[in-house]
Participant: 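Below you will find the structure I want to go over with you.
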Amino acid sequence: MNFQFTDEQQQLRRSIREFAEGEIGPHVMEWDEASHFPIEIMPNLAEMGLLGVIFPERYGGSGLGYIEYVIAIEELSRVDGSVGIIVAAHNSLCSNHIFKFGSEAQKQKYLVPLAQGKKIGAWSLTEPEAGSDAGGTRTIAKREGDHWLINGAKTFTTNGHYADICVAMAVTDKSKNSHGISAFIVEKGTSGFKPGKKENKLGLRASDTSEIILADCRVPQENLLGAEGEGFIGSLKILDGGRISIAALALGMAQGALDAAIKYAKQRKQFGQPISEFQAIQFKLADMATQVEAARLIVYQAAWLADQDSTRFTRESSMAKLFASEVAVRVANECVQIHGGYGFIKDYPAEKFYRDVKLCTIGEGTSEIQRLVIARQLLGKK
Ligand SMILES: Cc1cc2nc3c(=O)[nH]c(=O)nc-3n(C[C@H](O)[C@H](O)[C@H](O)COP(=O)(O)OP(=O)(O)OC[C@H]3O[C@@H](n4cnc5c(N)ncnc54)[C@H](O)[C@@H]3O)c2cc1C
């Protein structure tokens with residue numbers, strides 16, 4: 001067993017940390033307050049290869065694995081979870097669905113510009129009436145000659161307003177339930193496709209979370225992604241990888257909150273001494289650091305498994321997501337507590353971590369759904 005990152009991985013972490021602290025850090029609160037999608041840093045992310053981390057170079061990607069991908073999401077999210085989720089939805093949801101299930105022609109046409117960072121991707125599974133129960137999708141796609149006519153509405157799509165390419169799930173055969181749901185690649189500018197309401201959120205406010213409206217949306221037959229009827233089953237496989245990125249998002253924010261708490265505890269004085277001298281504060285920091293380290297192990301273990309490419313890693317990715325997201329919520333809570341009243345105001349990063357981390361126990365399957373997935377795997381149920 002080797003727990004050491006390679007020299008290249010350590011260098012990657014250093015360069016992303018430097019970029020995140022230097023180019024993202026100074027703007028985090030301004031973007032958060034204004035719910036500003038940081039479109040201006042997308043070219044930098046592209047240049048660093050972070051919009052195609054897990055894809056082979058022949059498809060415009062960086063040719064790296066999930067370990068490097070987790071390093072990237074962790075380091076971006078340590079500074080700003082919004083940037084973390086933007087990159088995560090682009091890579092491991094939209095682009096990865098095309099990579100895993102697309103034809104060669106679809107990969108050349110859509111994956112290459114996504115992985116190069118020339119286009120932004122989104123992935124739409126959730127609907128107003130189909131969240132945890134995503135198999136209850138209502139959006140319908142009807143075949144009309146060499147086109148599909150899609151009608152319905154998606155909700156909570158990350159990058160929805162900014163996406164050039166959206167992978168959307170729709171029912172193609174109602175009689176087959178979840179085996180009658182197919183995936184489609186929908187391009188911005190397609191007639192009948194438009195982003196709807198942009199959500200006003202508790203946290204991750206610089207990321208875009210939007211409704212997607214599909215009204216008589218005409219999608220050519222060649223944009224059916226994967227086999228007809230396999231969109232939902234494919235989505236579950238995509239979520240295996242997606243959950244590793246939410247786990248990495250949680251890990252990064254937990255580390256950011258821990259770093260902020262240590263910094264503050266050393267500088268804040270009460271009763272004539274830094275509060276870090278109080279054992280109550282030291283114990284909090286020790287517990288936070290221990291939990292973050294345990295989360296790091298389980299998240300990188302899932303990433304390592306994903307890189308082995310041989311098996312499904314459903315159970316491990318769900319465990320990583322469940323554990324890391326719940327750790328992040330607890331650590332961010334203690335970070336606010338260590339900051340006292342200053343944890344409640346926007347001059348310090350604590351309150352933002354506290355708001356942002358909550359998404360991790362909800363997105364890509366709530367903690368309750370992760371427990372269901374893990375239990376099913378343990379009990380050998382489908
Ligand atoms: C910021 C943000 C970004 C998102 N990005 C995307 C995206 O890019 N693409 C996308 O498709 N979706 C996205 N989502 C949607 C997200 O995946 C869903 O919100 C999530 O799956 C939960 O669905 P829901 O909100 O409908 O909650 P519900 O399913 O209504 O759940 C409500 C509560 O009931 C519980 N519950 C539901 N079913 C069960 C059960 N069987 N057993 C026990 N408890 C249960 C849940 O755990 C939860 O506590 C995003 C959401 C947010 C908030």
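Ligands are counted one by one from 1 in listed order, and the atoms in each one are counted from 1 as well.
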Participant: Short question: side chain of S182, backbone of G229 - any donor-acceptor pair under 3.5 Å?
Facilitator: yes
Participant: Less than 4.0 angstrom from a charged side-chain N to a carboxylate O is my criterion; do K176 and D173 meet it?
Facilitator: yes
Participant: Can an N or O of W123 be found at a distance shorter than 3.5 Å from an N or O of ligand 1?
Facilitator: yes
Participant: If you have a sec, work out which protein heavy atom is nearest atom 8 (O) of ligand 1 and how many Å separate them, to one decimal?
Facilitator: T158 N, 3.0 Å
Participant: Less than 3.5 Å between some nitrogen or oxygen of E368 and one of ligand 1, yes or no?
Facilitator: yes
Participant: So which heavy atom in the protein is nearest atom 27 (O) of ligand 1, and how far is it from that ligand atom?
Facilitator: S132 OG, 4.2 Å
Participant: Between E33 and K346, is there a salt bridge with N-O shorter than 4.0 Å?
Facilitator: yes
Participant: Tell me, please: is I362 in heavy-atom contact with ligand 1, that is, under 4.0 Å?
Facilitator: yes
Participant: How far is atom 6 (C) of ligand 1 from its nearest protein heavy atom, and which residue and atom name does that atom have?
Facilitator: F156 O, 2.7 Å
Participant: Check each heavy atom of A89 against ligand 1 and say whether those closer than 4.0 Å belong to the side chain, the backbone, both or neither.
Facilitator: neither
Participant: Tell me whether R355 is salt-bridged to D32, with the criterion being a basic N under 4.0 Å from an acidic carboxylate O.
Facilitator: yes
Participant: Which residue holds the protein heavy atom closest to atom 2 (C) of ligand 1, what is that atom called, and what is the gap in Å?
Facilitator: L359 CD2, 3.6 Å
Participant: Taking the six-membered ring of Y342, is NZ or CZ of R268 closer than 6.0 Å to its centre and within 45° of its axis?
Facilitator: no
